[in-house]
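One structure, as structure tokens, below. Some questions next.
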Amino acid sequence: MEFNFTLKYRLPDTCDEIDVLEQRLAEAGCDDALAGIGLPGRLALAFCREAGSAGAALRSALDDAQRAVPGAELVEVSPDLVGLTDVADLLGMSRQNMRKLMLANPQSFPSPVHEGSTSIWHLADILGWLRARGSAKVTTEMTELAAAALQLNLAREGRRLQPKA
């Protein structure tokens, strides 16, 4: 199966120039990723990786990226945190249709992680809700990838919140 996901990193202060970094990424096995460095000190790797499962795809990409950039700190694995527009785009529907689903089902629609002028949800929660309602647009691969990304992000946050010894 083919999985599309993004790994976002904070780069160490001693990081190489982008040309050297791209070469190191390719040599480490990240040749199936598009690298982006929009912000200074940050790196985003948009992968299109073949693997038997979403977890295997993410684990191998994380290992490859760590080999290429040993001091990089993982910031986020996506797709995980999404707005209604992101979900609508993923499923090929309009944002308005997603909003109608949310408003028509206030008791059962997943609660956002952040509620405000722009609310944010875990993609796995919304896909699970849609799948339980019989949506044919939600594939097993989408659900598996969103759940694996959520677990990795939660584990990362858990490590970050551990009291320092």
Side-chain angles (χ1 to χ4, degrees), residues 1-92 95 98 110 112-114 116 118-131 137-162 164:
M1 290 182 278
E2 191 173 88
F3 296 94
N4 295 298
F5 55 90
T6 302
L7 303 178
K8 297 177 184 174
Y9 289 94
R10 178 184 318 203
L11 296 173
D13 291 338
T14 59
C15 198
D16 298 319
E17 294 296 318
I18 186 62
D19 295 340
V20 175
L21 185 58
E22 286 176 339
Q23 182 65 32
R24 290 177 65 197
L25 287 164
E27 289 170 357
C30 296
D31 53 349
D32 56 347
L34 180 62
I37 54 162
L39 293 173
R42 301 288 192 197
L43 171 68
L45 298 171
F47 282 89
C48 181
R49 183 153 286 200
E50 294 269 340
S53 69
L58 286 166
R59 278 190 302 281
S60 68
L62 287 164
D63 290 344
D64 292 347
Q66 194 63 46
R67 260 194 324 279
V69 192
E73 175 191 345
L74 183 66
V75 173
E76 180 184 355
V77 178
S78 68
D80 179 20
L81 299 172
V82 295
L84 291 179
T85 301
D86 301 317
V87 180
D89 289 345
L90 178 68
L91 298 175
R95 180 191 60 78
M98 275 305 306
V113 175
H114 167 75
T118 302
S119 295
I120 303 293
W121 289 262
H122 286 293
L123 178 60
D125 294 342
I126 293 179
L127 293 179
W129 181 83
L130 288 166
R131 195 165 193 171
K137 293 182 182 229
V138 179
T139 66
T140 302
E141 291 82 9
M142 276 183 208
T143 305
E144 184 183 333
L145 182 60
L150 168 61
Q151 290 304 311
L152 284 168
N153 285 328
L154 290 176
R156 181 189 51 77
E157 278 297 301
R159 285 189 302 275
R160 187 180 70 83
L161 294 174
Q162 293 282 329
K164 302 286 183 195

With sequence neighbours excluded, residues passing side chain to side chain contact (heavy atoms under 4.5 Å, CB included) with R59: A56

Indicate yes or no for a side-chain donor-acceptor contact from D89 to the backbone of D86 under 3.5 Å, with no hydrogens or angles considered. no

Within a strict 4.5 Å, meaning less than it, do heavy atoms of the M98 and T85 side chains meet? no

Grab the two heavy atoms, one from F47 and one from C30, that are nearest each other, plus how far apart they are.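 Answer, listing the atom of F47 first, then C30: CZ-SG, 3.9 Å.
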
Residue list, side chain to side chain donor-acceptor pair (under 3.5 Å) with E157, at least two apart or on another chain: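 Only R160 meet the side chain to side chain donor-acceptor pair (under 3.5 Å) criterion with E157.
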
Sequence neighbours excluded, which residues qualify as side chain to side chain contact (heavy atoms under 4.5 Å, CB included) partners of A155? R159

Can you sort out the partners of E50 under side chain to side chain donor-acceptor pair (under 3.5 Å), two or more places apart, ordered by chain and number? none

For the NZ atom of K8 and the CG atom of L45, what is their distance to the nearest 0.5 Å?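 Answer for the NZ-CG pair, K8 versus L45, is 11.5 Å.
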
Output the distance between atom CG (D31) and atom CD (E22), rounded to the nearest 0.5 Å. 12.5 Å

Pairing residues for S78 by the side chain to side chain donor-acceptor pair (under 3.5 Å) criterion, not counting sequence neighbours: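 Checked S78 against side chain to side chain donor-acceptor pair (under 3.5 Å); zero matches.
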
Evaluate the side-chain proximity of N153 to L81: yes if any heavy-atom separation is below 4.5 Å, no if none is.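 Sidechains of N153 and L81: no contact.
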
List in chain and number order the residues that pass side chain to side chain donor-acceptor pair (under 3.5 Å) with E27, two or more places apart in sequence or in another chain; answer none if no residue qualifies. Q23

Please test T140 against R131 for side-chain contact (heavy atoms from CB on, under 4.5 Å), starting from the C-alpha separation and ending with a verdict. CA-CA 9 Å; T140 302; R131 195 165 193 171; 2.9 Å; yes

From CE (M142) to CG (N4), nearest 0.5 Å: 10.5 Å

How far apart are the C-alpha atoms of V75 and Y9, what are their side-chain angles, what is the distance that settles it, and do they pass the side-chain contact (heavy atoms from CB on, under 4.5 Å) test? CA-CA 5 Å; V75 173; Y9 289 94; 5.5 Å; no

Taking C-beta and beyond as the side chain, do L34 and C48 meet within less than 4.5 Å on heavy atoms? no

Please report the shortest heavy-atom distance between A72 and Q66, naming the atom on each side.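 That would be O-OE1, 3.8 Å.
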
Can you tell me which residue pairs pass the ring-ring contact (aromatic ring centres under 6.0 Å, His included) test with a partner in residues 51-90, sequence neighbours excluded?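 Counting only pairs at least two positions apart or across chains, no ring-ring contact (aromatic ring centres under 6.0 Å, His included) contact touches residues 51-90.
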
With sequence neighbours left out, which residue pairs that include part of residues 57-76 fulfil the ring-ring contact (aromatic ring centres under 6.0 Å, His included) condition? none

To the nearest 0.5 Å, what is the distance between CG (L25) and CG (L43)?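 Between atom CG of L25 and atom CG of L43 there are 6.0 Å.
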
Which residues share a salt bridge (charged side-chain N to carboxylate O under 4.0 Å, His left out) with R67, sequence neighbours left out: D64

Give me the atom names and distance for the closest heavy-atom approach of E144 to F3. OE2-CZ, 4.3 Å

Who pairs with L58 by side chain to side chain contact (heavy atoms under 4.5 Å, CB included), at least two apart in sequence or on another chain? F5, L7, V77, L145, A148, L152

Residue list, salt bridge (charged side-chain N to carboxylate O under 4.0 Å, His left out) with D32, at least two apart or on another chain: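 Once residues adjacent in sequence are excluded, the partners of D32 under the salt bridge (charged side-chain N to carboxylate O under 4.0 Å, His left out) criterion are R49.
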
Name the atoms and distances for all side-chain donor-acceptor pairs under 3.5 Å in residues 118-126, with sequence neighbours left out.
from : atom 1 : to   : atom 2 : distance (Å)
S119 : OG     : G116 : N      : 3.3
S119 : OG     : G116 : O      : 3.4
W121 : NE1    : P110 : O      : 2.9
H122 : ND1    : D80  : OD1    : 2.7

